[in-house]
Amino acid sequence: MTRKKALVVRGGWEGHQPVEATELFLPFLRSKGYDVRVEESTDVYADAAEMAGTDLVVQCVTMSEISPEQLVGLSSAVVAGTGFTGWHGGIADSFRASSDYLHLVGGQFATHPGKEPCERRGEAGDNYLPHTIDITELGREHPITAGIEAFELDTEQYWVLHDDLIDVLATTTHPARPWQPWHRPVGSPAVWTRQWGAGRIVVTTPGHSLDVLENPNVRTIIERGMLWATRTASAS
């Protein structure tokens, strides 16, 4: 049986601990029979031969930049069947200057609302809010989220701008708090999939810190998402 090949690409803003975060999932991938290659930059995306032989890309690169050649390499691989997945800013807040990357992923981090101004202390926790991740009707049947009930987190709550080509498995709602400028609750996708050519994309927005990634629900979603996104027989 041919072993699957996973490419883990990490880097960008250090606040999301790209090395430590991705290291959490390497044992899982290896236990599922993947040969895993780890790269510390997106240069590998421009290597057409390497990308053609990759069944799954796990990206953890917040902000940063991507060259046109690298983006074409990544996009072409996904269209040809390579799976693409990641969490939080490592996939939903990558390469802000690239509209083509946004088009590939289907959703982009806009903000994470913060606490009431008088409660802020100039630290990361200023943006931690208790919130619920709700599983959609589609999510209750999907292999990535089936059997997972709504769960609570106290961390960054991503507000995502998105298009209608994503299939939303879980959502979160931003309430209209008195100190915020919006006037009614706003729903935002928290977990989604996207079919792009022959490839599958999975985005999980929770994952700001290691403790969130180790939350059993979050970790299960990410790990199932890796398996589901991996190149299928029909894309080979």
Side-chain angles (χ1 to χ4, degrees), residues 13 15-16 21 60 62-63 85-96 99 101-195 201-222 224-225 228:
W13 184 58
H16 283 153
C60 186
T62 304
M63 294 181 280
T85 191
W87 53 86
H88 202 60
I91 190 169
D93 190 22
S94 309
F95 322 127
R96 293 178 180 178
S99 58
Y101 177 80
L102 169 60
H103 193 212
L104 171 69
V105 175
Q108 177 68 42
F109 164 80
T111 191
H112 39 59
K115 295 178 178 177
E116 188 170 2
C118 65
E119 296 180 0
R120 299 176 189 177
R121 301 292 181 265
E123 55 192 29
D126 291 349
N127 298 314
Y128 293 178
L129 294 174
H131 60 278
T132 303
I133 304 297
D134 292 300
I135 308 301
T136 65
E137 183 174 352
L138 174 63
R140 286 191 284 273
E141 302 298 327
H142 198 281
I144 293 176
T145 44
I148 296 176
E149 303 294 333
F151 59 95
E152 306 296 319
L153 294 173
D154 190 351
T155 183
E156 290 182 350
Q157 182 186 22
Y158 264 21
W159 182 313
V160 173
L161 306 179
H162 60 95
D163 65 31
D164 289 337
L165 196 61
I166 65 173
D167 295 317
V168 180
L169 307 185
T171 63
T172 190
T173 300
H174 303 273
R177 296 180 172 91
W179 63 90
Q180 303 290 12
W182 54 93
H183 304 289
R184 63 175 183 268
V186 178
S188 191
V191 181
W192 72 84
T193 67
R194 186 174 183 86
Q195 187 77 37
I201 298 169
V202 184
V203 178
T204 305
T205 63
H208 172 70
S209 52
L210 300 184
D211 62 306
V212 177
L213 291 172
E214 290 173 330
N215 175 285
N217 294 300
V218 174
R219 185 159 191 159
T220 295
I221 290 169
I222 291 172
R224 288 182 180 176
W228 184 85

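Since the structure is predicted, the reported quantities are computational estimates derived from the model, not experimental observations.
- Between V105 and W192, the shortest heavy-atom contact is O-NE1, 3.1 Å.
- For the pair T205 and V160, the minimum side-chain heavy-atom distance is below 4.5 Å.
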When you look at V203 and T85, which way does the side chain to side chain contact (heavy atoms under 4.5 Å, CB included) test go after all the steps?
CA-CA 6 Å; V203 178; T85 191; over 6 Å; no

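- When all heavy atoms of P206 and L153 are compared, the closest pair comes out as CB-CD1, 3.8 Å.
- In plain terms, the two heavy atoms of L161 and A110 that are nearest each other are CG-CB, 3.8 Å.
- The structure places CG of L213 at 6.0 Å from CH2 of W87, a figure rounded to the nearest 0.5 Å.
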Decide side chain to side chain contact (heavy atoms under 4.5 Å, CB included) for L129 and R177; before the verdict, give the C-alpha distance in whole Å, the side-chain angles of both, and the deciding distance to 0.1 Å.
CA-CA 12 Å; L129 294 174; R177 296 180 172 91; 3.6 Å; yes

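- The distance from the OH atom of Y101 to the OG atom of S94 is 3.5 Å, given to the nearest 0.5 Å.
- Taken to the nearest 0.5 Å, the OH atom of Y158 stands 9.0 Å off from the CD atom of Q108.
- Between the side chain of K115 and the backbone N or O of G125 there is at least one donor-acceptor pair closer than 3.5 Å.
- Looking only at distances, a side-chain donor or acceptor of D126 sits under 3.5 Å from a matching main-chain atom of E123.
- Ring centers of H174 and W182: at least 6.0 Å apart, outside the cut-off.
- When the salt bridge (charged side-chain N to carboxylate O under 4.0 Å, His left out) test is applied to R96, the partners found at least two apart in sequence or on another chain are D93.
- The closest side-chain heavy-atom distance from R194 to D163 is below 4.5 Å.
- Note that the OG1 atom of T193 and the CG atom of D167 stand 4.0 Å from one another [nearest 0.5 Å].
- Separating the CD atom in E156 from the NE2 atom in H16 is a distance of 5.0 Å, to the nearest 0.5 Å.
- Between the CH2 atom of W13 and the OG1 atom of T62 there is a distance of 7.0 Å, given to the nearest 0.5 Å.
- A pairwise comparison of heavy atoms in V202 and I91 identifies O-CD1, 4.0 Å as the closest pair.
- For E152, the CD atom sits in a packed shell: over 12 heavy atoms of surrounding residues, nucleotides or ligands are nearer than 6.0 Å.
- Other residues, nucleotides and ligands place no more than 12 heavy atoms under 6.0 Å from the CD atom of E137.
- Heavy-atom minimum distance, H131 versus T155: CE1-O, 3.5 Å.
- At most 12 heavy atoms of other shown residues, nucleotides or ligands fall within 6.0 angstrom of atom CD in E141.
- The shortest distance between side-chain heavy atoms of I166 and P189 falls below 4.5 Å.
- A heavy-atom distance below 4.5 Å is found between the side chains of T145 and I221.
- Minimum heavy-atom separation, P185 to T173: CB-CG2, 3.8 Å.
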Could you walk me through whether V218 and F151 pass the side chain to side chain contact (heavy atoms under 4.5 Å, CB included) test, one step at a time?
CA-CA 9 Å; V218 174; F151 59 95; 3.9 Å; yes

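- Remark: H112 pairs with F109 by the ring pair (Phe, Tyr, Trp, His ring centres under 6.0 Å) rule, at least two apart or across chains.
- In terms of modelled atom types and a separation under 3.5 Å, the side chain of R184 and the main chain of A176 share no donor-acceptor contact.
- Between the side chains of T132 and D134, no donor N or O sits under 3.5 Å from an acceptor N or O.
- Side-chain atoms of H142 come within 3.5 Å of backbone N or O of I144 as a donor-acceptor pair.
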